Amino acid sequence: MDKRSASVADAVADIPDGATVMIGGFGGSGAPIELIHALILAGPKGLTVVNNNAGNGHVGLAALIEQGQVDKLICSFPRSADPKAFTDLYQAGGIELELVPQGTLAERIRAGGAGIPAFYTPTSYGTDLAKGKPTAEFDGRTYVQERWLKADYALIKGELGDPMGNLTYRMAARNFNPVMAMAATRTIAQVSRFVETGGIEPEVVITPGIFVSTVVEVPNPQQEEVLIRQKAVFP
Amino acid sequence: MDKRSASVADAVADIPDGATVMIGGFGGSGAPIELIHALILAGPKGLTVVNNNAGNGHVGLAALIEQGQVDKLICSFPRSADPKAFTDLYQAGGIELELVPQGTLAERIRAGGAGIPAFYTPTSYGTDLAKGKPTAEFDGRTYVQERWLKADYALIKGELGDPMGNLTYRMAARNFNPVMAMAATRTIAQVSRFVETGGIEPEVVITPGIFVSTVVEVPNPQQEEVLIRQKAVFP
Amino acid sequence: MSINLENIQLNNAQIAWRAAQDIEDGAYVNLGIGFPEMVAQFQPEGREAIFHTENGVLGFGKAAEAGEEDWDLINAGKKAVTIKPGTAFFHHADSFAMVRGGHLDVAILGAFQVAQNGDLANWSTGRGGVPAVGGAMDLVHGARRVAVITDHVTKKGAPKLVDACTMPLTGVGCVTRVYTSLCVVDVVEGRFVLREKLAAISMDDLQSVTGAVLHVGDTVKDLTTPSL
Amino acid sequence: MSINLENIQLNNAQIAWRAAQDIEDGAYVNLGIGFPEMVAQFQPEGREAIFHTENGVLGFGKAAEAGEEDWDLINAGKKAVTIKPGTAFFHHADSFAMVRGGHLDVAILGAFQVAQNGDLANWSTGRGGVPAVGGAMDLVHGARRVAVITDHVTKKGAPKLVDACTMPLTGVGCVTRVYTSLCVVDVVEGRFVLREKLAAISMDDLQSVTGAVLHVGDTVKDLTTPSL
């Protein structure tokens, strides 16, 4: 079994127009910049993107939005130091936004990966974000019903990856990456270093290979936060 | 912060009659034998126990049942090589059994720990185990509603533990232990080795200390499977 | 029953061997406890299957040698197994996320009865005693293909492929293929479709030991296995 | 408003200091992004609080020094932090399991408005623009104590403690205590109960800048803080 791909371009080549794509990361931490940039170069349009944020500056997700490739964004916090790409398009009515509380977003994605079509949460009860959603009472308290969230593709960033797709993550760059890996039909992981099968101790694997379709090595990956401070623009 | 306890006897001393107690392990793998035996010596009665199984031989959970301390068992598979303790009591009407599919049991426990009061699963739909449970259709398929499961105490077994309660597990002995740690008001972990705070790498922690109340060191813990093959009897 | 199945039917090893031939390279597979575990022995050369066990191990290796067992490293049948390069451990909720979330390619289970609509009964005889379900009800909704391996009839000669299950169900409409001691049958739109049968049994005789109509597909191949 | 609050009210650091005094030793604490992050600076000597951040870190250390930032190690406010012995990393679903599952002892958040029944509005001004919620709606249902730190009135002088929120809600009946620039108030059975107030302001003046009735508890202590 060898899930390794030779390049980020190859790894994202078959993502079609209209696909739903989960993109890992929380701000720049854990954002798979090289995979996102490969997706920009590949050029599919009409994407629905799931990410905690809406991008920052003119790289990564912000650049993908700036290129007009995203029709809909599902996120919790479309604010950043420089969210111009998203904000301009949103205010011009050029992109749809589904705003989801952060914990509900994480749980909906995990539910998608775990085969749980719906669940109840106290989060958002009584607020505008619960409007139109079913509610139910359990043990005297009212909860909101939320649906699973799945995707056609997930683009994620790991630290180590082996040919079977087993992954580790670096510090807080873990964030949404492992749950998105579970919830997509095809999960494409960039990793900072390939190791041979067996190169990750079984107890230390965070994402088992069953959740991963493709692994591509990107040594010394770019950090979105650093790019933004450098005022980088892609492409 | 120091969650360490000097002995298994101290660690379980305040578990009262009538408590709901989750006990980690899958068969003998990951079963906290020394904590269970301490609970037998402490002697609370009328317990509700959550475990995947119903014990085996005359040690561990089987011994707890044999001592008449368990009024109700919530489990998926009350069969083993020698389930006499449970079987005799069950057939005499002396113990209540709530049979739960194994994946539903794990998910109900995780839901208890994650603040999800109810969720839907395809598991058990159309079977006797779904009788009386609400169902709902999502995307043309029917699912069964299941409720969270919580406990007053969890007795679990880890490999390394630090004073903050951070834990690792040994191989497949992980099983139900991490989710039970999340779902109990007080989680008591026996570990094979104490390490100092910082002795477990942050990326390698499986159960963060927030889920653990008490850690007690039991070097060279007994293995239920080995005890059973030795025909051990406790107490 | 006019025919003596004893002399012609496949033994358990041969049924397991046949099921193993359909496991594609790179497949993620869960084998039910007991008889289905035997399938792992017959993995075709040159194909790699990754085995999952409910208690939180993916990609485990062979059974542990007697005397070498580590009882912290067991499978769902509580037998000691071994790790190999690429093995991963995870907790029970993650393990059943793999199952319920549809991440397995194949689950292979035993059966008391399989109905022509794919209903499976394999967890309870309904005759009292202590009920035990384990992970069976999860597995039948987890894998893309849910296969059953079974003798074609019970020890008393009653058909195990039936119009409708009379025993307590494990899952509704979940089975996709059945490997029996006499034939290979797919469940297609509420009907049993025969794909392979032993050359030694006639269609009429096969139908006579089957509790539901066997529809004939485009072709019915001979079911052949090595001597095992 | 007849009184000039400018001269008497606490500054942000003093409000944060006061809130920090109630964090018990060993508490698990989440500080909302922005102003609430300041509470960490005033942890009383000899007490250890363990800080949680939504993006999957428990027990992190101080802010990273300028030039020493590792942008893979940030908090929910996207500021670079540091690890210390005992830090643990985990994924987002596990992180919000800690929150929603009631494992945190204290969450401290900012507010636009707090109602006497504990309703909180802190995520949207309701005035259009791009809405953004982050983890606020989860946090208000997560911790055993949900505290708010805030100026007592808005920059325009409007009360932030109100009968009923007029701005979009973050959560219903969730706030347990409010630390303002003038007083400390608990939410008890649908009423604001005053626990502490600055000596420099009279009850009447305090009530006049409060949008709901302030009930007086058994004792009202003087609210005192160091100069900060």
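Small disclaimer: the values here were computed from a predicted structure and weren't measured. The analysis underlying the following values was restricted to heavy atoms, covering all of them including side chains, and did not include hydrogens, waters or symmetry mates.
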Contact origin within A:Arg141 toward chain B - heavy atom pairs under 4.5 Å: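 Neither; nothing under 4.5 Å.
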For A:Gln145, is it the side chain, the backbone, both, or neither that has a heavy atom closer than 4.5 Å to a heavy atom of chain B?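 The side chain, not the backbone.
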Does [X] have more than 12 heavy atoms from other residues, nucleotides or ligands lying within 6.0 Å of its [atom1]?
X        : atom1 : value
B:Arg193 : CZ    : no
A:Glu137 : CD    : yes
B:Glu201 : CD    : no

Please rank A:Thr168, A:Asp139, A:Val204 by heavy-atom pairs under 4.5 Å with chain B and give me the top one.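 Option with the greatest count: A:Asp139.
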Ignoring hydrogens and geometry, is there a side-chain-to-backbone donor-acceptor pair from A:Arg174 to B:Glu203 under 3.5 Å?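 Yes: the side chain of A:Arg174 pairs with the backbone of B:Glu203.
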Closest approach of B:Pro122 to A:Gly115 (non-hydrogen atoms, all atoms of both residues):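 Distance-wise, the nearest heavy atoms are CD-O, 3.6 Å.
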Thinking salt bridges, do A:Glu107 and B:Arg110 make one under a 4.0 Å N-O criterion?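 Yes, A:Glu107 and B:Arg110 are salt-bridged.
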Rounded to the nearest 0.5 Å, what separation is found between the OH atom of B:Tyr120 and the OH atom of A:Tyr120?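 Going from OH on B:Tyr120 over to OH on A:Tyr120, the span is 3.5 Å.
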